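All figures in this text were calculated on a predicted structure; none of them were measured in a lab.
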There are 2 protein chains.
Amino acid sequence: MTSSPDFPQMLRDAGLRVTRQRLAVMDALVELAHADTESVIGVVRRDLPEVSHQAVYDSLRTLTAAGLARRIQPNGSLARYEVRVGDNHHHLVCRSCGEITDVDCAVGEIPCLTASDDHGYVIDEAEVIYWGLCPACSADSAGPETNHPDPTPRQEKQRRV
Amino acid sequence: MTSSPDFPQMLRDAGLRVTRQRLAVMDALVELAHADTESVIGVVRRDLPEVSHQAVYDSLRTLTAAGLARRIQPNGSLARYEVRVGDNHHHLVCRSCGEITDVDCAVGEIPCLTASDDHGYVIDEAEVIYWGLCPACSADSAGPETNHPDPTPRQEKQRRV
DNA sequence: GCCCTTTCTTGAATGAGTCAAGACAGCCGT
DNA sequence: ACGGCTGTCTTGACTCATTCAAGAAAGGGC
């Protein structure tokens, strides 16, 4: 994996103060792809055991507002974050287990930014979410005798909106 | 506007019982485009003053599961619903006021259903959200002297996830 | 180093959405 | 038509991700 970008400089460039908490949050986002807030808190506390959840919430919001992170929130699941890498990728979300996977832009360029009729909107971003079943879950539901007593344990637990 | 479709029959076809509450919810979804749950409750209670919010929540979930309604939930705003009309349209969301507008599929067909790499997923739907500013909000932020003391009153209030 | 300002800690509040148990009402069979 | 079975609705309490508020702490320009 490439070494992490210069986060302190990125924060400074965004006009934000460089704090240990924010750096830890960004490291956590790099480590955990599509992490929910709770996971971020967990990883951040591995380095800074005393961080408050409030600091993490605030950092995530600040980083998102500054364009350094991106917030995604598929229907019915809790908020997830990823570092914004500048490319134009979208997401595959499994309807069964909720897993999220990156996909490159469907056509290779950014045609998806062009709506057929913009209704007067000034569009700055197109967000695409592909819904379906991940390989594991589609395999589960394929065989009739596959015996999967609880195919969506975490999903049910996460149902907070 | 065209007369509403045969909701009772649609419910029956979906294997659901036909109840006044569900019909009222579907009527409300037709009347209110992209309605949040609270609005739906309000409209439903105009006809059936005694409905419980629980019945509306349950109806919305049931209708969504049956494919008669569709749930959309742009980042950071609360859940919204629309009747599923069978066409392949997407949404424009204003970053400032949160307004949602329908757009037809970008290319006229459903190419957006084709991810460049499906990562083994069985994809059944592609959801596209275009982010930007609606005509009113972009007009507000255009002129320097436009004087808009509170450009996002409702948005701030809605910030529940 | 100092001071100003932003950010973090602490702790409580908010409120959309969920759960549970009993009352009620579609709908099927007779 | 009517009764009963079963799926829905009412009622009311609860959950918990996220936000709010106020004071303490720590960046960073001078």
How many angstroms lie between atom OG1 of B:T101 and atom NE2 of B:H90, to the nearest 0.5 angstrom? 14.5 Å

How would you summarise protein contacts on nucleotides 23-30 of chain D per nucleotide, using B for base, S for sugar-phosphate only and - for none, with heavy-atom distances below 4.0 Å? ---BBS--

Decide salt bridge (Lys or Arg N to Asp or Glu O under 4.0 Å) for A:R70 and A:E125; before the verdict, give the C-alpha distance in whole Å, the side-chain angles of both, and the deciding distance to 0.1 Å. CA-CA 12 Å; A:R70 184 176 172 192; A:E125 180 182 356; 3.6 Å; yes

Write down the protein N/O and nucleotide N/O pairs, taken from nucleotides 28-30 of chain C, whose separation is under 3.5 Å; answer none if there are no such pairs.
none

With a 3.5 Å distance limit and no angle check, can you tell me whether A:R71 reaches the backbone of A:A79 through a side-chain donor-acceptor pair? no

Identify which nucleotide among D:dT8, D:dT10, C:dC8 has an atom closest to any side-chain atom of B:D58, counting heavy atoms from C-beta outward. D:dT8

Pair B:E31 + B:R46: basic N to acidic O under 4.0 Å: yes

Do any N or O atoms from the side chain of A:R45 and from the backbone of A:V51 form a donor-acceptor pair under 3.5 angstrom? yes

A:H119-B:D102 side chain donor-acceptor pair, cut-off 3.5 Å: no

What is the separation between atom CD on B:Q54 and atom C1' on D:dG7, rounded to the nearest whole Å? 15 Å

Select one nucleotide: of D:dT19, D:dT10, C:dA16, the one nearest the side-chain heavy atoms of A:H53. D:dT19

Are A:M10 and A:Y81 connected, step by step, through hydrophobic side chains (Ile, Leu, Val, Met, Phe, Trp, Tyr) whose heavy atoms are closer than 4.5 Å? yes

Which is true for B:E50 with a 4.0 Å heavy-atom rule: it touches a base, it touches only sugar-phosphate, or it touches nothing? sugar-phosphate

Give one of base, sugar-phosphate or nothing for A:T37, where a contact means two heavy atoms less than 4.0 Å apart. sugar-phosphate

B:L23 CG to D:dT8 C1': how many Å, rounded? 13 Å

In terms of side-chain heavy atoms of B:R22, which of D:dT8, D:dT18, C:dG17 is nearest? D:dT8

Going hydrophobic residue to hydrophobic residue with side-chain gaps under 4.5 angstrom, can you get from B:V30 over to B:V43? no

Heavy-atom pair of closest approach, residues A:D6 and A:P8: OD1-CD, 3.2 Å

Rounded to whole angstroms, how far apart are CG on B:L60 and P on D:dT8? 14 Å

